[in-house]
Amino acid sequence: MTHPVPYTVNDAKLNDALDDAHERIQRAEDRLARVACAHVAAAVRDVLTDHEPAAPFDAMHLRLTGHLGTDALSTDGTYWTATGEERRIPVGELFDGLLGWVNQLNYGNRHIWRPLCETQAVAGDNRVDYRLDLAQAAQLPDEVHTSARVREIRDRLAAATYRPWSVQEFTWNCNGATVDKDDPDAVHTDFVVSDSSGAKVAEVSVSYDGPEDTDTPAEDVAETRANAEFITRAPEDLLYLLAYLDHLAGAADAEELHLRGYCGHCGTALYTSIASETPTALDGSTQCKGTPGPYSIHFPRRHALST
């Protein structure tokens with residue numbers, strides 16, 4: 001007896017999702033290691049200035065030590081000044097945050113902290129000492145989603161006019177009358193982009209009748225149409241990409257579902273997310289089951305938010 005398959009699994013998509021999740025974890029761990037390096041530099045400064053960030057101090061390098069069989073690095077508090085003089089932070093001061101940040105560094109994230117160090121010595125007791133360049137460690141690179149360029153993009157997007165934008169296509173003949181876009185008398189095409197209030201945002205056009213006009217009107221009209229669509233979709237596309245960027249960086253979950261309402265046909269709860277504004281059921285379906293009467297014919301239809 002053959003039984004119907006209760007559900008299907010997209011194995012390729014499942015494997016890709018697992019790989020993607022592991023990659024995100026690795027990127028987060030790498031970033032944490034780099035942040036820890038900056039915190040090590042800050043902790044050395046705090047110890048030497050008694051937590052007065054503006055006070056002068058003279059540390060340029062800090063000894064980090066790796067022991068065979070021990071994953072985490074440690075430090076005995078030895079540091080060097082700009083003139084190369086060797087000094088030592090008192091042992092009791094190491095436990096005021098500094099040692100904890102050093103212990104965040106290990107051979108698993110060696111590719112992050114090792115470029116900031118120079119090897120000082122390989123000791124005979126299965127120990128390797130490194131000199132951490134504190135000035136380099138303190139310069140924490142911006143993440144992409146908090147970089148100056150992305151902030152400028154966010155500002156430009158916020159200052160733009162009302163969304164969504166739309167585009168209209170107008171085709172003209174040589175007498176200035178509008179004609180169908182496929183009309184053989186057409187000589188000029190305008191694409192007008194407007195915001196949601198109706199105000200014009202941009203206009204792009206192509207002429208194809210004069211001696212200085214294009215010799216390939218079909219191709220140029222298609223390219224100009226694509227440019228107009230690009231302009232029209234740019235704000236919504238940027239919003240989506242910025243949300244996804246925040247999602248990847250852990251600043252916000254673009255995939256988190258938010259209840260938008262209920263289907264006016266079948267009453268199913270419908271959700272949207274930053275990544276998708278299409279209302280769907282929790283299982284991601286857009287198909288409405290409906291509530292047909294006992295003698296009615298039920299045709300498939302999409303969920304529709306109840307108003």
Side-chain angles (χ1 to χ4, degrees), residues 19 21-152 245-246 248-252:
D19 290 341
H22 282 306
E23 289 174 4
R24 292 186 194 182
I25 292 172
Q26 185 61 57
R27 288 197 300 269
E29 291 178 344
D30 289 348
R31 181 62 176 177
L32 181 60
R34 186 60 184 85
V35 170
C37 291
H39 270 287
V40 168
V44 171
R45 176 207 61 189
D46 290 343
V47 168
L48 299 180
T49 63
D50 195 22
H51 295 274
E52 292 291 340
F57 63 100
D58 54 2
M60 294 297 295
H61 293 85
L62 176 73
R63 175 182 287 159
L64 302 178
T65 301
H67 296 274
L68 184 64
T70 303
D71 191 37
L73 299 186
S74 63
T75 183
D76 62 1
T78 298
Y79 70 93
W80 290 265
T81 67
T83 61
E85 181 182 352
E86 181 178 312
R87 298 180 182 175
R88 177 77 63 89
I89 295 173
V91 174
E93 301 282 0
L94 298 179
F95 297 96
D96 190 20
L98 174 57
L99 191 57
W101 287 114
V102 170
N103 291 158
Q104 294 285 324
L105 308 179
N106 54 63
Y107 285 102
N109 51 41
R110 176 187 176 91
H111 58 289
I112 301 298
W113 57 263
R114 185 65 182 86
L116 304 175
C117 299
E118 59 185 59
T119 302
Q120 180 194 358
V122 178
D125 56 352
N126 295 322
R127 188 186 76 206
V128 181
D129 290 336
Y130 305 91
R131 286 193 185 195
L132 174 67
D133 187 320
L134 294 169
Q136 286 191 58
Q139 299 305 310
L140 184 64
D142 285 340
E143 290 194 280
V144 173
H145 78 292
T146 57
S147 65
R149 182 172 183 180
V150 171
R151 287 198 299 272
E152 291 170 359
L245 182 61
D246 288 338
L248 291 179

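Considering all non-hydrogen atoms of both residues, C37 and L105 come closest at SG-CD2, 3.9 Å. Nearest heavy-atom pair, L94 versus G77, reported as atom, atom and distance to 0.1 Å: CD2-CA, 3.6 Å. Here the closest heavy-atom approach between residue N103 and residue S74 is recorded as ND2-CA, 4.1 Å. Summarising the geometry of A41 relative to L134, their closest heavy-atom pair is CB-O, 3.6 Å, with the distance given to 0.1 Å. The shortest non-hydrogen separation linking T49 to A55 is CG2-O, 3.5 Å. Looking at every heavy atom in both residues, V150 comes nearest to H145 through CG1-O, 3.7 Å.
Using modelled atom types, one side-chain atom of R114 and one backbone atom of C117 make a donor-acceptor pair closer than 3.5 Å. No donor-acceptor pair under 3.5 Å is formed between the side chain of T75 and the backbone N or O of L64.
Between the CZ atom in F57 and the CG atom in D50 there is a gap of 14.0 Å [rounded to 0.5 Å]. The distance from the CZ atom of R63 to the CG atom of D129 is 5.0 Å, given to the nearest 0.5 Å. Atom OG1 of residue T78 and atom CD of residue E86 lie 5.0 Å apart, to the nearest 0.5 angstrom. The distance from atom CG of L73 to atom CG of N106, rounded to the nearest 0.5 Å, is 7.0 Å. The line from CG of L99 to CD of Q104 is 11.0 Å long, rounded to the nearest 0.5 Å. In this structure, CZ in R149 is found 8.5 Å from CD in E152, a value given to the nearest 0.5 Å.
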Could you please spell out the steps behind the side chain to side chain contact (heavy atoms under 4.5 Å, CB included) verdict for M60 and W80? CA-CA 6 Å; M60 294 297 295; W80 290 265; 5.7 Å; no

Mind running side chain to side chain contact (heavy atoms under 4.5 Å, CB included) on E85 and D58 for me, showing each step along the way? CA-CA 10 Å; E85 181 182 352; D58 54 2; over 6 Å; no

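A 4.5 Å side-chain heavy-atom check between I112 and E29 finds every atom pair outside the cut-off. Taking 4.5 Å as the limit, every side-chain heavy atom of D76 sits out of range of all side-chain heavy atoms of T65. Between I89 and Y79 there is a side-chain heavy-atom pair separated by less than 4.5 Å.
Below 30°, between 30° and 60°, or above 60°: for W101 and H39 the angle between ring planes is below 30°, a parallel geometry.
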Taking only distance into account, with no hydrogens and no angle test, what donor-acceptor pairs under 3.5 Å do side-chain atoms of residues 135-143 form with protein atoms, sequence neighbours excluded?
residue	atom	partner	partner atom	Å
Q136	NE2	D133	OD2	3.2

